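This one's a predicted model, so the numbers in the text were calculated from it and none came from an experiment. For ligands, and for the atoms within them, numbers begin at 1 and follow the listed sequence.
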Amino acid sequence: MTTTFTGRQAFITGASSGIGKALVSAFLATGYQVDGIDCAPSAFMAETRYRHHQADVTEFTALDAIFEQAEYGSENNLLINCAGTREICPVSELSLSLWERVFAVNVTASFIAGRAFCQQLVRHGVPGNVINIASVSGMMGEPNRTAYVASKHAVLGLTKQLAIEFGAQEIRVNAIAPGVIRTPLTEPYYHDPNQLNKIKRGQFIPQLGEPEDVAEAALYLSSPKARFITGSTLVMDGGWTIGKDL
Ligand SMILES: NC(=O)c1ccc[n+]([C@@H]2O[C@H](COP(=O)([O-])OP(=O)(O)OC[C@H]3O[C@@H](n4cnc5c(N)ncnc54)[C@H](O)[C@@H]3O)[C@@H](O)[C@H]2O)c1
């Protein structure tokens, strides 16, 4: 039986590493009760306001059940779909099973979690926010990442659809499209001078993206300060997508 408590509840998928870990840290620091969902264990297991669900987000029935059985806050509830995966291979070597895996993690799990979360908020009559962690790969193409690029484009479509369907129930749905952010996913780039140079030349400011930058954007989007923003994509990429250096 689910209950509503006085407070703020966040669900974060992909909570154990990189951007998701920074999101957990930021929302715990802001006073949220945080439920993290990740197939790996979390560094926050001992925190009193943190509950870990060690699960694969592509186990869709189990994912649905987490939201069915959860508690919801009366003030502000939040879902951040951050779990993600990608392939690196030319399209001619991209198998159907890898394509399906990338879509299952990046798109279908975000749909299942988003639908379940929004339905529960409507049932409880409480407001909330969904933030989907997309990517600049949802706005432009990139060599050797066909499934990833297509899946992140789909995430932006899903964001708009949920925003349309649940707006009247005071649920805002937005996406964040980060450029290159230093996490275990991208760590190898920072040890390869050519890759690092490519990143620096692809941006128009010298700062490199950190997981905390994404967390700051999520704090803003989920706050009342962003009350008029829904269905939108906040691009944070050091200028990666605004132009090319000739
Ligand atoms: N790092 C970047 O440069 C960057 C840029 C744009 C977008 N993103 C997106 O940000 C999100 C997080 O990326 P990151 O860089 O922090 O990666 P990461 O690899 O550091 O973390 C991803 C987390 O998701 C979890 N995860 C992956 N598949 C899962 C599954 N099936 N079930 C449960 N948990 C699963 C992993 O265990 C891990 O804890 C992804 O959606 C990624 O596409 C990252």
- What's the verdict on side chain to side chain contact (heavy atoms under 4.5 Å, CB included) for D38 and Q54, showing C-alpha distance, side-chain angles and the deciding distance? CA-CA 5 Å; D38 200 299; Q54 196 155 336; over 6 Å; no
[X] side chain to [Y] side chain, donor-acceptor N/O pair below 3.5 angstrom:
X	Y	result
T58	R101	yes
S151	N106	yes
Q9	D35	yes

- From I19 CD1 over to T183 OG1, what is the distance, rounded to the nearest 0.5 angstrom?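 OG1 of T183 is found 6.0 Å from CD1 of I19.
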- Query: Which is closest to atom 19 (O) of ligand 1 by heavy-atom distance: I12, I80, L185, I181?
  - Reply: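 Nearest heavy atom to atom 19 (O) of ligand 1 lies in L185.
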- Select the closest option to atom 22 (C) of ligand 1 among A177, G84, S110, A104, judged by heavy-atom distance.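 Looking at heavy atoms only, the winner is G84.
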Closer than 4.0 angstrom: is that true for some heavy atom of [X] and an atom of ligand 1?
X	answer
A134	yes
E210	no
A55	yes
T85	no

Any idea which protein heavy atom is nearest [atom], and the distance to it?
atom	result
atom 4 (C) of ligand 1	G179 O, 4.0 Å
atom 34 (N) of ligand 1	C39 N, 3.3 Å
atom 15 (O) of ligand 1	T183 OG1, 2.5 Å
atom 31 (N) of ligand 1	D56 OD1, 2.9 Å
atom 25 (C) of ligand 1	D38 OD2, 3.3 Å
atom 18 (P) of ligand 1	S17 OG, 3.6 Å
atom 6 (C) of ligand 1	P178 O, 3.4 Å
atom 43 (O) of ligand 1	Y148 OH, 2.6 Å

- Message: Could you walk me through whether V130 and N81 satisfy the side chain to side chain contact (heavy atoms under 4.5 Å, CB included) test, starting with their C-alpha distance in whole Å, then the side-chain angles of each, then the deciding distance to 0.1 Å, before giving a yes or no?
- Response: CA-CA 8 Å; V130 178; N81 284 307; 4.2 Å; yes
- Message: Students often mix this up, so state it plainly: with edges at 30° and 60°, are the rings of F44 and Y50 parallel, tilted or perpendicular?
- Response: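 Aromatic pair F44/Y50 classed tilted.
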- Message: Using every non-hydrogen atom in the two residues, find where N76 and S222 come nearest and quote the distance to one decimal.
- Response: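 For N76 versus S222, the nearest heavy atoms are ND2-O, 2.9 Å.
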- Message: For a quick test of reading the model, state the closest non-hydrogen atom pair linking D64 to A116 and the distance between them.
- Response: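 Taking D64 first and A116 second, the nearest heavy atoms are OD1-CB, 3.2 Å.
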- Message: Ring centres under 6.0 Å, that's the criterion: do Y72 and F11 meet it?
- Response: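 Between Y72 and F11, the centre distance is under 6.0 Å.
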- If you measure from the Lys or Arg side-chain nitrogens to the Asp or Glu carboxylate oxygens, is any gap between E187 and R182 under 4.0 Å?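 Answer for the salt bridge query: yes.
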Out of all atoms in ligand 1, which are within 4.0 Å of some heavy atom of [X]? Include the element for each.
X	answer
T186	1 (N), 2 (C), 3 (O)
G18	16 (O), 20 (O)
V57	30 (C), 31 (N), 32 (N), 33 (C)
I19	10 (O), 16 (O), 44 (C)
C82	11 (C), 12 (C), 40 (C), 41 (O)
G14	23 (C), 24 (O), 25 (C)
V180	3 (O)

Applying a heavy-atom cut-off of 4.0 Å, say which part of [X] lies close to ligand 1: side chain, backbone, both or neither.
X	value
R101	side chain
R86	neither
V105	side chain

- Check the pair N129, R172 against side chain to side chain donor-acceptor pair (under 3.5 Å), reporting the backbone distance first and the verdict last. CA-CA 5 Å; N129 279 273; R172 294 188 293 108; 3.1 Å; yes
- Query: Passes side chain to side chain contact (heavy atoms under 4.5 Å, CB included), R145 versus I88? Steps please.
  - Reply: CA-CA 5 Å; R145 289 161 174 82; I88 301 184; 3.5 Å; yes
- Apply side chain to side chain donor-acceptor pair (under 3.5 Å) to N132 and S110, showing your working. CA-CA 7 Å; N132 292 321; S110 299; 4.6 Å; no
- Task: Compare all side-chain heavy atoms of D237 with those of P178 and state whether any distance is below 4.5 angstrom.
- Result: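 Not in contact.
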- Short N or O distance, T58 and ligand 1, threshold 3.5 Å exclusive: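 No - when backbone and side-chain N and O of T58 are compared with those of ligand 1, no distance drops under 3.5 Å.
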